[in-house]
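Below is one structure, written out as C-alpha cells; comments come after it.
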Amino acid sequence: MATERYNPRDAEPRWQQKWNEAKVFETDNADPREKYYVLEMFPYPSGRIHMGHVRNYAMGDVVARYKRARGFNVLHPMGWDAFGMPAENAAMERGVHPASWTHQNIDSMKSQLKAMGLSLDWTREFATCDVEYYQHQQHLFLDFLEKGLVYRKQSKVNWDPVDNTVLANEQVIDGRGWRSGALVEQRELTQWFFKITDFSQDLLDALETLDQWPDKVRLMQKNWIGRSEGLTIRFEIVPQTAPAGETEVTVYTTRPDTLFGASFLAIAADHPLAKDAAAANPALEAFCEECRRAGTSLAALETAEKKGMDTGIRVKHPLDSSWELPVYIANFVLMDYGTGAIFGCPSGDQRDLDFARKYGLPVVPVVMPKDGDAATFTIGDTAYDGDGVMINSRFLDGNTTDEAFKIVADRLSGTMLGNVPQGERKVNFRLRDWGISRQRYWGCPIPVIHCDACGVVPVPKKDLPVKLPADVTFDQPGNPLDRHPTWRHVACPTCGKDARRETDTMDTFVDSSWYFTRFTAPWEGVPTDPAVATRWLPVDQYIGGIEHAILHLLYSRFFTRAMRETGHVDVKEPFKGLFTQGMVVHETYSRGSGTIRDWVAPADIRIEEIEGKRRAFLLDGGEEVSIGSIEKMSKSKKNVVDPDDIIASYGADTARFFVLSDSPPERDVIWSEAGVEGAHRFTQRLWRLISEASDALASITPNPAKDGEALSISQAAHKTLKAVQNDYDKLWFNKAVARIYELVNTLSGPLAKVAAGEGDVAYCAAVRNAAEILVQLVAPMTPHLAEECWATLGNSEMLARTAWPVYDEALVVENDVVLPVQINGKKRAELTISKDADQNAVTQAVLKLDAVINAMNGQAPKKIIVVPQRIVNIVV
RNA sequence: GCGGGCGUGGCGAAACUGGUAGACGCAAGGGACUUAAAAUCCCUCGGAGCAAUCCUUACGGGUUCGAUCCCCGUCGCCCGCACCA
C-alpha cells in the first residue's frame with residue numbers, strides 16, 4: 001500500500017508532547033531500580049546551540065534512552081554554565097545587563113534543545129548564575145575554609161595599565177591588552193586559593209581506578225600533576241659576590257647524578273635573590289621587568305626566546321667548594337615550580353644546552369649511553385637526556401645514572417651546610433594550588449568580609465546568600481562591584497564596625513566542579529542531600545569535549561574530595577565513565593585573501609562538481625568563491641551550520657542520526673549537506689518500509705522463526721541486536737549505524753513481500769519480530785521516528801516505556817566459520833569448516849583445496865600456521 | 001617550547017587492536033520506472049593491467065609466517081598549557 005512520507009514537523013512535536021505529558025523522563029530518587037547517571041557537559045549559554053552541542057547531547061541521549069530501555073533508573077539532567085566573561089563583554093558592548101543577556105540566551109537555547117527531543121529531566125534544571133545555586137557554592141566555600149582547604153596568598157595577574165583592569169589570558173594578545181593595545185604588566189594581588197595540592201598524591205593514585213576513562217586523559221592528568229622524585233640542594237653563595245643578607249640558594253633537581261656537568265644556576269625573575277641582585281643593578285632590573293611583561297601564560301613564556309642575564313653572583317659547587325658557578329636570571333625558570341631555581345647541566349638537557357651555547361658556558365658530557373665510548377663521546381647540538389653510564393664525574397664514573405643519583409643524594413644528605421643537610425630527597429609536584437579569585441562582576445561572590453579590626457571574616461552561614469547586586473554599570477572597565485555605591489559596605493559580623501565585602505568573585509570552573517552533584521537533589525535547602533548524592537554518584541557516563549581533559553575534570557575530582565571531607569557526599573571520584581567526543585568541523589569558504597579576505601557562510605553558497613572538481617558559487621550573483629580547509633565551526637570563519645535550520649528542514653531525528661553516523665564519536669565529524677541528505681533518506685526509507693508492511697503486520701503476534709524460509713530473517717535481526725547492543729555499550733554509534741543499515745537492507749525484501757500480501761503467518765510473525773527489533777535499535781538515535789513506526793506496527797504502549805528486546809541465543813550462534821587461507825601471507829583461498837574443527841582437520845582440509853594445490857605448484861609446505869577461528873597461513 | 005592525540009579510496013569510515021584491507025554510508029557513472037522531473041529500485045565503483053597478477057593504510061626504515069595495528073625516525077594536522085568556557 002502507498003503511505004505518506006514521514007513528516008517530522010508533525011511527528012516530532014507530537015511525540016515530545018506525549019513524553020512530556022506522561023513525564024517519561026522525570027526521575028524519581030526513590031525508584032529502587034539500579035541507577036544510571038548519564039551526563040553531558042552542560043553548555044555555556046552563548047545564545048544559540050551549535051552542532052557540537054547537537055553531537056554531544058545526541059550521544060548522551062542515546063545512552064540515556066538505551067539504559068532506560070535496559071531497565072535502569074536513569075538520571076539525565078540539564079543545566080547552564082551561566083557565569084563568565086562573555087556576558088560582561090555583551091554588557092560593555094551592547095549595554096545589556098549580564099543577567100538579562102544570559103537569561104535570554106538560556107531561553108532560546110532551551111527551546112532549541114527541546115526541539116531535539118532529548119530525554120532530559122527538565123524539572124532539575126538550573127543555571128549557575130541563579131542565586132538558588134550559587135548560595136550553596138558559598139556555603140561550600142565556607143565549609144572548605146573552615147576545613148583549611150582555602151587560603152589567601154599573593155599571586156600574579158595580567159594588568160592592563162591603560163584600562164586599569166585585570167585581563168584573562170585570552171585577552172592578552174602578543175603581550176598586549178585586547179582592547180587598549182597597551183603592553184600588559186604582571187601585578188601581584190592577594191587572592192583566594194583552593195588547596196588542590198593537598199590531594200596531589202591521591203588525585204594521581206586514583207587515576208588507576210578510573211578504568212572507564214580514556215587512557216590519553218589519564219596520561220594527560222598524570223603529566224599535569226607531574227610527580228617527580230628529586231633532591232633539593234642548597235648552594236653556598238661565594239660571600240664576596242652575595243647581595244646583602246644572602247648566603248645560599250636552594251635548587252630542586254630530578255637529576256642530581258649530573259651535578260658534575262653543572263655549568264650555571266638559573267633563577268626566576270621573581271626569586272628573592274634576583275630581586276636583591278636587581279636592586280643594585282639597573283640592567284638586571286630592566287631584564288626582570290622584561291620577564292614580567294610576558295604575561296602570566298605559561299605557553300607564551302615557553303614559546304618565547306630563552307634568555308638570561310648573569311647576576312654576578314657565584315655559588316660553590318656542592319661537591320667541590322673550589323669550583324664556582326655563575327648565577328643567571330632566566331626567563332624560563334618559574335617561581336611557582338620547585339624552588340624557583342635550577343642548576344643547568346647543558347650536556348643533559350636541551351634547554352640548558354641552548355642556553356649554554358648562547359652565553360658561552362661550558363658543556364661537559366657526564367652521561368653517555370651504555371654502549372658508548374667515553375674517549376670519543378661528545379655533545380654537539382643535541383643534549384643526551386637518557387639513562388646511561390657516568391663519565392667526567394670523578395667518583396661517580398662508571399656508575400649508572402640511577403646509582404649516581406643515590407650516591408649524590410646520600411652524600412649531600414650527610415654533608416652539613418650551616419647545621420642543616422646540604423641535600424634532601426624531595427617528592428615534588430608540578431600541580432599548583434587553584435587560584436579562584438576573579439576581579440569580575442559576573443561570578444559567584446566570595447563570601448568573606450574584610451574588617452580593619454578583625455581581618456578576614458567569613459560571612460556567617462545565616463547571612464548567606466551574598467547576592468550580586470543588580471544595579472551595576474559597565475560604562476568603564478574594571479569590576480563594577482568595586483565601584484558600587486553601597487554593596488561592598490557592610491558591618492563586620494564579628495565586631496560590628498564598618499567593613500568591606502570581598503569584591504572578587506569565583507572562577508567559573510568552581511561552578512562546574514559540583515553541578516553534577518547538585519543535580520541529584522536541586523531542590524534541597526543545603527548544597528546536597530548527602531545520602532541521595534552518594535547514591536547517584538559517580539556519574540556513570542560523562543560525555544564532553546577533549547578540551548576539558550585536564551582542568552575541568554581535575555577540579556571536579558578535587559571538589560568531590562573536598563565535599564567529601566566536609567560531609568556533603570561520600571564518594572571520591574565524580575565520573576566513573578568518561579567519553580571525550582570530537583568536534584564538528586566544516587569546510588570554509590572565502591573571497592579575496594589576506595586582510596581583505598571575506599568569509600562566506602555555507603548557507604550562502606552552492607557546490608557544483610565540474611569535471612570532477614568541487615567548486616563553490618555564491619547563491620546570490622553566482623560569483624565563485626574558494627573552498628578552504630576544514631576547520632572547527634566558528635563565528636569568525638562563518639563555517640557554522642545552525643541546528644535550527646537543519647531541524648526545520650529535515651527534523652531533529654535526521655540531525656541526531658547524522659552526527660552519530662558518519663565518524664567515530666571520539667573523532668571530528670565533518671558536517672556536509674550531502675551527508676545530512678543521506679541521513680534523511682534513511683529516515684524516510686525506514687518509515688516507508690515499515691509503514692507499507694504495517695497493515696499486514698499489525699494483527700500478527702511477533703515471533704522469531706526457528707526454521708523455514710524466515711530463519712535467516714530472524715537470525716539477521718537477532719545477530720544485529722546482539723551486535724548493536726554491544727556498540728551502544730561501548731558508545732560506538734557509527735558502527736551501530738552501519739549494522740542498522742545492513743539490517744534494513746536485509747529486511748527490505750521481506751518487508752516488501754509482506755506488504756504485497758505474501759508470506760504465511762509464521763513468516764509475517766518473524767518479519768514483525770525483526771521489524772520491531774529494527775525500530776527498537778534505531779529508537780535511541782531517532783526516537784520520534786521510532787515511536788511513529790512502533791505505533792503504526794500496532795503497539796499501544798509508547799516505545800519510550802518499552803523494555804529493550806532480548807536476543808535469542810540459538811539465533812546468533814555460528815556453526816561454521818570461513819577461514820581465509822594464505823600462502824606466504826597472501827590470501828589465496830577460503831575454507832568453510834565446522835567451528836570446532838581441530839587443527840589437524842583444518843590442515844587436512846586446507847591441503848585438499850584446489851586453489852591451494854594450484855598455488856603451491858607441487859612444493860611441500862614448510863610450515864602451516866593455523867590460528868583457530870581466524871586464519872590459515874601456509875609457508876612455502 | 002612542553003604534554004597528549006590523530007593521519008586508511010574522490011569523501012566519512014570498517015577491519016572483533018598482530019590474521020581476508022576498504023564492511024556500511026556519501027559522491028560519481030550506467031540502467032529500470034515516468035510524458036517529464038522528484039522519489040524509488042538494480043548494477044559498477046582504491047590504482048595499474050585484456051588477463052593471470054601486481055601495487056596500495058601520511059612518508060622512510062625495522063620486528064614477524066603475517067603489520068592499518070608493535071618498535072625507531074620524518075612530515076602534516078588537532079587539543080591543552082592553570083584568568084576562554
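Below, chain A is the first sequence line, B the second, and so on; all start at residue 1. Just so it is clear, the model here is predicted, and its values are computed rather than measured. Below, all heavy atoms of this structure are taken into account, side chains as well, without hydrogens, waters or symmetry copies.
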Measure distances between side-chain N and O atoms of A/Gln191 and base N and O atoms of B/rC83, and say whether any donor-acceptor pair falls under 3.5 Å.
-> yes
Would you mind reading off the distance between A/Leu298 atom CG and B/rG1 atom P, rounded to a whole angstrom?
-> 14 Å
Between A/Lys735 and A/Pro45, just flag the one whose closest nucleotide in RNA chain B comes earlier from the 5' side.
-> A/Lys735
Would you mind telling me which of B/rC83, B/rA82, B/rG1 lies closest to the side-chain atoms of A/Leu551?
-> B/rA82
Please determine if a side-chain N or O atom of A/Arg681 lies less than 4.0 Å away from the OP1 or OP2 oxygen of B/rG25.
-> no
With heavy atoms under 4.0 Å as the rule, sort A/Arg351 into base, sugar-phosphate or nothing.
-> nothing
Per A/Glu547 side chain, nearest of listed nucleotides B/rG1, B/rC83, B/rA85 = B/rA85
Output the distance between atom CG (A/Asp349) and atom OG1 (A/Thr254), rounded to the nearest 0.5 Å.
-> 9.0 Å
Answer yes or no: does a side-chain N or O of A/Arg218 lie under 4.0 Å from OP1 or OP2 of B/rG5?
-> no
With a non-hydrogen cut-off below 4.0 angstrom, is A/Phe332 in contact with a base, only sugar-phosphate, or nothing?
-> nothing
Using only side-chain N and O atoms of A/Arg667, determine if any of them is under 4.0 Å from OP1 or OP2 of B/rG7.
-> yes
Touch class at under 4.0 angstrom, heavy-atom based, for A/Arg430 against every strand present | base
Between A/Trp178 and the options A/Val172, A/Asp160, A/Ile173, the side chain to side chain contact (heavy atoms under 4.5 Å, CB included) test singles out A/Ile173
To the nearest Å, how far apart are A/Glu170 CD and B/rA85 C1'?
-> 8 Å
How far, in whole Å, is B/rG73 from B/rU8 if one measures between their P atoms?
-> 22 Å
Could you state the atom-to-atom distance from CG of A/Leu660 to P of B/rG25 in whole Å?
-> 17 Å
Just checking A/Ile865: base, sugar-phosphate only, or nothing, at a heavy-atom cut-off of under 4.0 Å?
-> base
Which of B/rC24, B/rG1, B/rU20 is nearest the side chain of A/Tyr741? It is B/rC24
Using heavy atoms to find the nearest nucleotide of RNA chain B for A/Gln869 and A/Met85 separately, return the residue whose nucleotide is more 5′.
-> A/Gln869
Rounded to the Å, how far apart are A/Arg739 CZ and B/rG25 C1'?
-> 14 Å
Taking CG from A/Asn873 and P from B/rU20, how many angstroms apart are they, rounded to a whole number?
-> 11 Å
Any side-chain donor-acceptor pair under 3.5 Å between A/Asn158 and A/Thr296?
-> yes
Within the pair A/Asn223 and B/rC2, is there a side-chain N or O less than 4.0 Å away from OP1 or OP2?
-> no
Using the benzene-type ring in the case of Trp, are the ring centres of A/Tyr542 and A/Phe579 under 6.0 Å apart?
-> no
Please work out whether the ring planes of A/Phe558 and A/Phe194 are parallel, tilted or perpendicular, with thresholds of 30° and 60°.
-> tilted
Of the candidates B/rA13, B/rC83, B/rG4, the side chain of A/Tyr555 sits closest to B/rC83
N-O pairing of A/Arg218 and A/Asp215 below 4.0 Å = yes
Do A/Phe83 and A/Tyr134 have their ring centres less than 6.0 Å from each other?
-> yes
When all nucleic acid strands are considered with a 4.0 Å heavy-atom cut-off, which category describes A/Ala299: base, sugar-phosphate, or nothing?
-> base
B/rC6, B/rC79, B/rG19: which one has an atom nearest the side-chain heavy atoms of A/Val867?
-> B/rG19
Reckon A/Gly582 touches a base, only the sugar-phosphate, or nothing at all at heavy-atom distances under 4.0 Å?
-> nothing
What does A/Ser437 touch in the nucleic acid at a heavy-atom separation under 4.0 angstrom: a base, only the sugar-phosphate, or nothing?
-> base
When rounded to whole Å, the NZ to C1' distance for the pair A/Lys753 and B/rC41 reads 18 Å
Across every strand shown, the nucleotide meeting Watson-Crick or G-U wobble geometry with B/rA15 (both distances under 3.5 Å) is none
So what does A/Thr508 touch, heavy atoms closer than 4.0 Å: a base, only the sugar-phosphate, or nothing?
-> sugar-phosphate
Could you check which nucleotide pairs with B/rC77 in any of the strands shown, counting Watson-Crick or G-U wobble with both distances under 3.5 Å?
-> B/rG5
Counting side-chain heavy atoms from CB outward, which of B/rA14, B/rC41, B/rG80 is closest to A/Arg685?
-> B/rC41
Selected nucleotide, minimal atom distance to A/Asn745 side chain, candidates B/rC24, B/rC2, B/rC81 | B/rC24
Atom pair distance, as rounded to whole Å: CD1 in A/Ile740 and P in B/rA14 | 16 Å
Is A/Arg440 side chain donor-acceptor paired with the B/rC83 base, going by distance under 3.5 Å alone?
-> yes
Spacing of the P atoms in B/rG61 and B/rC55 (rounded, Å) = 15 Å
Whole Å only: how far is the CZ atom of A/Arg557 from the P atom of B/rA82?
-> 20 Å
Base of B/rG9 relative to its sugar, syn (within 90° of 0) or anti?
-> syn
Strictly under 6.0 Å, is that where the ring centroids of A/Tyr555 and A/Trp434 end up?
-> yes
Look at all strands and tell whether A/His548 reaches a base, only sugar-phosphate, or nothing, counting heavy atoms closer than 4.0 Å.
-> base
Counterpart base for B/rC70, defined by Watson-Crick or G-U wobble contacts under 3.5 Å | B/rG62
Between the side chains of A/Arg438 and A/Gln191, does any donor sit under 3.5 Å from an acceptor?
-> no
Using a cut-off of 4.0 Å on non-hydrogen atoms, how would the nucleic acid contact of A/Glu830 be classed: base, sugar-phosphate, or nothing?
-> base
Could you tell me whether A/Val217 contacts a base, only the sugar-phosphate backbone, or nothing, with contacts defined as non-hydrogen atoms closer than 4.0 Å?
-> nothing
What is the nucleic acid contact for A/Trp434, judged by heavy atoms within less than 4.0 Å: base, sugar-phosphate only, or nothing?
-> nothing
Out of B/rA23, B/rG4, B/rA85, which nucleotide sits closest to the side chain of A/Met220?
-> B/rG4
Report the base-pairing partner of B/rU44 (Watson-Crick or G-U wobble, both distances below 3.5 angstrom), or none.
-> B/rA28
If you take atom types as modelled and just measure distance, does the side chain of A/Gln439 reach the base of B/rC83 with a donor-acceptor pair under 3.5 Å?
-> yes
Can you find an N or O donor on one side and an acceptor on the other, under 3.5 Å apart, linking the side chain of A/Asn169 with the base of B/rC83?
-> no
Are any of A/Lys156's side-chain N or O atoms less than 4.0 Å away from OP1 or OP2 of B/rC83?
-> no
Answer yes or no: is there an ion pair linking A/Glu188 with A/Lys153, defined by an N-O contact shorter than 4.0 Å?
-> no
Phosphate oxygens OP1/OP2 of B/rC81: is one of them under 4.0 Å from a side-chain N or O of A/Ser297?
-> no
Look at all strands and tell whether A/Val737 reaches a base, only sugar-phosphate, or nothing, counting heavy atoms closer than 4.0 Å.
-> nothing
Counting side-chain heavy atoms from C-beta on, which of B/rG80, B/rA85, B/rA14 comes nearest to A/Asn734?
-> B/rA14
Per A/Pro820 side chain, nearest of listed nucleotides B/rG80, B/rU20, B/rG12 | B/rU20
Just call it for A/Leu554: base, sugar-phosphate, or nothing, with non-hydrogen atoms closer than 4.0 Å on any strand.
-> nothing
Tell me the partner of B/rA82, counting only Watson-Crick (N1-N3 plus N6-O4 or O6-N4) or G-U wobble (N1-O2 and O6-N3) with both under 3.5 Å; none if nothing fits.
-> none
